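Here is the structure we will look at, set down as structure tokens.
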Amino acid sequence: MANSDKDISYSDLKALLDKSNKGLLVVDVRTKEEVDRGHIPGSIHIPVDTVESALALDPTEFQAKFGVPKPPLDTPELVFHCQMGRRGGVATDKARGLGFQKDVNYAGGYKEWSEKEGKWGARLACIVKAGHKNAQMMLTFC
């Protein structure tokens with residue numbers, strides 16, 4: 001893990017994602033414009049200014065709005081991230097204020113992720129994971 005019980009490192013996040021853990025929820029708290037330029041595969045988008053209201057939704061509303069089950073308060077794998085770590089930390093604190101005690105912030109943010117994974121690598125991982133019909137052609141192209 002990174003420096004505190006609230007932060008997670010790139011290698012920690014990568015290990016969680018590689019486990020294909022169904023309970024893992026990665027929340028991108030950046031703006032829509034930032035997310036449109038690239039995102040961590042499998043993450044959902046909840047802007048930092050709406051984290052509290054989103055996590056306060058009942059489970060049915062959360063599922064309908066975000067397409068994934070609402071995490072329980074004791075979930076061990078709730079990860080927030082932004083571009084460089086600050087907003088992810090704010091979101092982590094907001095979630096803890098609502099009772100989530102094991103949520104963490106990916107401190108390196110999308111900036112570190114894209115540097116280590118490569119922007120195209122992250123996009124292709126999403127395409128392949130989603131089973132895009134042209135995934136093989138796109139992989140060959142790269």
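Nothing here was measured: the structure is a model prediction, and the numbers come from that model.
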Distance-only donor-acceptor hits, side chain of residues 66-82, under 3.5 Å, sequence neighbours excluded:
residue : atom : partner : partner atom : Å
K70     : NZ   : L55     : O            : 2.8
K70     : NZ   : L57     : O            : 2.5
E77     : OE1  : N21     : ND2          : 2.1
E77     : OE2  : N21     : ND2          : 3.2

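Hydrophobic clustering of Ile, Leu, Val, Met, Phe, Trp and Tyr side chains at less than 4.5 Å, counting indirect connections, unites V104 with I40. Under the 4.5 Å side-chain heavy-atom criterion for ILVMFWY residues, no single connected hydrophobic cluster contains both I8 and V29. The hydrophobic cluster containing I46 does not contain L13, counting ILVMFWY residues as joined when their side-chain heavy atoms lie under 4.5 angstrom apart, directly or transitively.
Contact record, G85 with N105: O-ND2, 3.0 Å, taken as the closest heavy-atom pair. Taking all atoms of both residues into account, the shortest heavy-atom contact from A91 to V51 is CB-CG2, 4.0 Å.
Within the structure, salt bridge (Lys or Arg N to Asp or Glu O under 4.0 Å) pairs that include any residue of residues 46-55 do not occur (at least two apart or interchain). Contacts classified as ring pair (Phe, Tyr, Trp, His ring centres under 6.0 Å) and involving residues 86-106 (residues at least two apart or in different chains) are not found.
Considering only residues two or more places apart in sequence or on other chains, R96 meets the side chain to side chain contact (heavy atoms under 4.5 Å, CB included) condition with D5, K6, T92, Q101, D103. Evaluation of the side chain to side chain donor-acceptor pair (under 3.5 Å) rule for K116 yields no partner, not counting sequence neighbours. The side chain to side chain donor-acceptor pair (under 3.5 Å) check on E34 picks up T31, R87, with sequence neighbours excluded. In this structure K102 satisfies the side chain to side chain donor-acceptor pair (under 3.5 Å) test with no other residue, sequence neighbours excluded. In this structure, T50 has no side chain to side chain donor-acceptor pair (under 3.5 Å) partners at least two apart in sequence or on a different chain. Contacts of K65 classified as salt bridge (Lys or Arg N to Asp or Glu O under 4.0 Å), with partners at least two apart in sequence or in another chain: none.
Between the CG atom of D12 and the CG atom of D7 there is a distance of 10.5 Å, given to the nearest 0.5 Å. With rounding to the nearest 0.5 Å, the separation of OH in Y10 from CD in E115 is 11.0 Å. Residue E61 holds its CD atom at 10.5 Å from OG of S53, rounded to the nearest 0.5 Å. Note that CG of D28 is 6.0 Å distant from NE2 of H45, once rounded to the nearest 0.5 Å.
Taking the side chain as every heavy atom from C-beta outward, E112 and M84 never approach each other to under 4.5 Å. Between K19 and L16, the closest side-chain pair of non-hydrogen atoms falls below 4.5 Å. Looking at S43 and W113, their side chains never come closer than 4.5 Å, going by heavy atoms from C-beta outward.
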| query | Passes salt bridge (charged side-chain N to carboxylate O under 4.0 Å, His left out), R37 versus E33? Steps please. | reply | CA-CA 7 Å; R37 291 191 294 265; E33 293 77 24; over 6 Å; no
